Amino acid sequence: MRRTISLRHNRKQVNVMLMTRLRRTAAAAAAGLMLAGVFSLGTAVPAAAEDDVTIMGWPTGCTAQVQDWGAVASCSSHNGGSYQAMATCKDNAGNTFTANGTWRQTGWSRAYCPGSSHGVSANIWTSPTP
């Protein structure tokens, strides 16, 4: 059975159809806003204390020293981050290159120059991630 839709509507029928559509649209929008509000309540994050060291940050109090065999580096406070020694090395032919130590949060990071090369300068890399 085929249904035909009349294209002729009187003004009252058009107004009723438009008002019904407007109500449905407004109700859907209101429901969406209410759901967004409910979901946003569940995403609260507790505030962190100012002296809380579990917050990821950059290491502080860092020092790097050149050694004959490379370089060493350490930081007095890692603040949740990490650090790495970097040595600039020079070989017997006068070529310079860099050597990196291990990433650390405590203790000394040591960068060793390979072979017969020796350390000529020291630096430190820091990162806010462990």
Side-chain angles (χ1 to χ4, degrees):
M1 174 158 53
R2 191 166 189 195
R3 242 176 125 171
T4 59
I5 299 173
S6 172
L7 296 177
R8 293 186 181 188
H9 297 288
N10 64 28
R11 186 172 285 235
K12 187 175 183 181
Q13 287 174 330
V14 171
N15 285 339
V16 169
M17 288 188 309
L18 287 176
M19 291 304 293
T20 303
R21 286 184 184 161
L22 286 174
R23 280 189 211 123
R24 286 182 186 161
T25 304
L33 287 174
M34 287 188 329
L35 283 175
V38 168
F39 288 129
S40 68
L41 292 176
T43 60
V45 177
E50 286 183 28
D51 59 348
D52 188 1
V53 294
T54 61
I55 299 171
M56 295 299 182
W58 295 89
T60 55
C62 301
T63 181
Q65 302 167 0
V66 66
Q67 305 290 328
D68 186 47
W69 46 264
V72 293
S74 71
C75 295
S76 60
S77 178
H78 64 81
N79 297 324
S82 55
Y83 53 90
Q84 177 187 48
M86 184 190 80
T88 302
C89 306
K90 186 180 270 191
D91 63 10
N92 292 336
N95 299 320
T96 59
F97 51 93
T98 60
N100 293 325
T102 57
W103 286 100
R104 304 288 306 254
Q105 285 190 314
T106 59
W108 292 96
S109 175
R110 295 173 179 86
Y112 295 98
C113 293
S116 62
S117 61
H118 61 279
V120 292
S121 69
N123 207 337
I124 187 166
W125 291 99
T126 58
S127 171
T129 57

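Keep in mind the model is a prediction, meaning the values are calculated, not measured.
Applying the 6.0 Å contact sphere to CH2 of Trp58 captures more than 12 heavy atoms from other residues, nucleotides or ligands.
Distance alone, capped at 3.5 Å, places no donor-acceptor pair between the Asn123 side chain and the Met86 backbone. A donor-acceptor pair is defined here as one N or O able to donate and one able to accept, closer than 3.5 Å; such a pair exists between the side chain of Gln84 and the backbone of Gly101. Not one N or O on the side chain of Asn79 forms a donor-acceptor pair closer than 3.5 Å with the backbone of Gly81.
Of all non-hydrogen atoms in Ser109 and Thr102, the two that sit nearest each other are OG-O, 2.6 Å. In this structure, Gly70 and Cys113 approach most closely via the heavy-atom pair CA-SG, 3.7 Å.
In this structure, Gln67 CD and His118 NE2 are separated by 13.0 Å, a value rounded to the nearest 0.5 Å. Distance check, rounded to the nearest 0.5 Å: OG1 of Thr63 to CD1 of Ile124 gives 7.5 Å. Note that CZ of Arg104 is 10.0 Å distant from OG of Ser74, once rounded to the nearest 0.5 Å.
For residues 79-107, no residue pair satisfies the ring pair (Phe, Tyr, Trp, His ring centres under 6.0 Å) rule, not counting sequence neighbours.
Every side-chain hydrogen bond (donor to acceptor under 3.5 Å, both in side chains) that Thr129 has, sequence neighbours left out, goes to Ser127. Legend: residues meeting side-chain contact (heavy atoms from CB on, under 4.5 Å) with Ala122, ordered by chain and number and at least two apart, are Ala64, Val66, Ala71. With sequence neighbours excluded, the residues forming a side-chain hydrogen bond (donor to acceptor under 3.5 Å, both in side chains) with Ser116 are Asn92, listed by chain and number. With sequence neighbours excluded, the residues forming a side-chain hydrogen bond (donor to acceptor under 3.5 Å, both in side chains) with Ser121 are Thr88, listed by chain and number.
The side-chain heavy atoms of Cys89 and Thr98, taken from C-beta on, include no pair separated by under 4.5 Å.
As a member of the Ile/Leu/Val/Met/Phe/Trp/Tyr network built from side-chain separations under 4.5 Å, Val72 groups with Trp69, Trp108, Tyr112.
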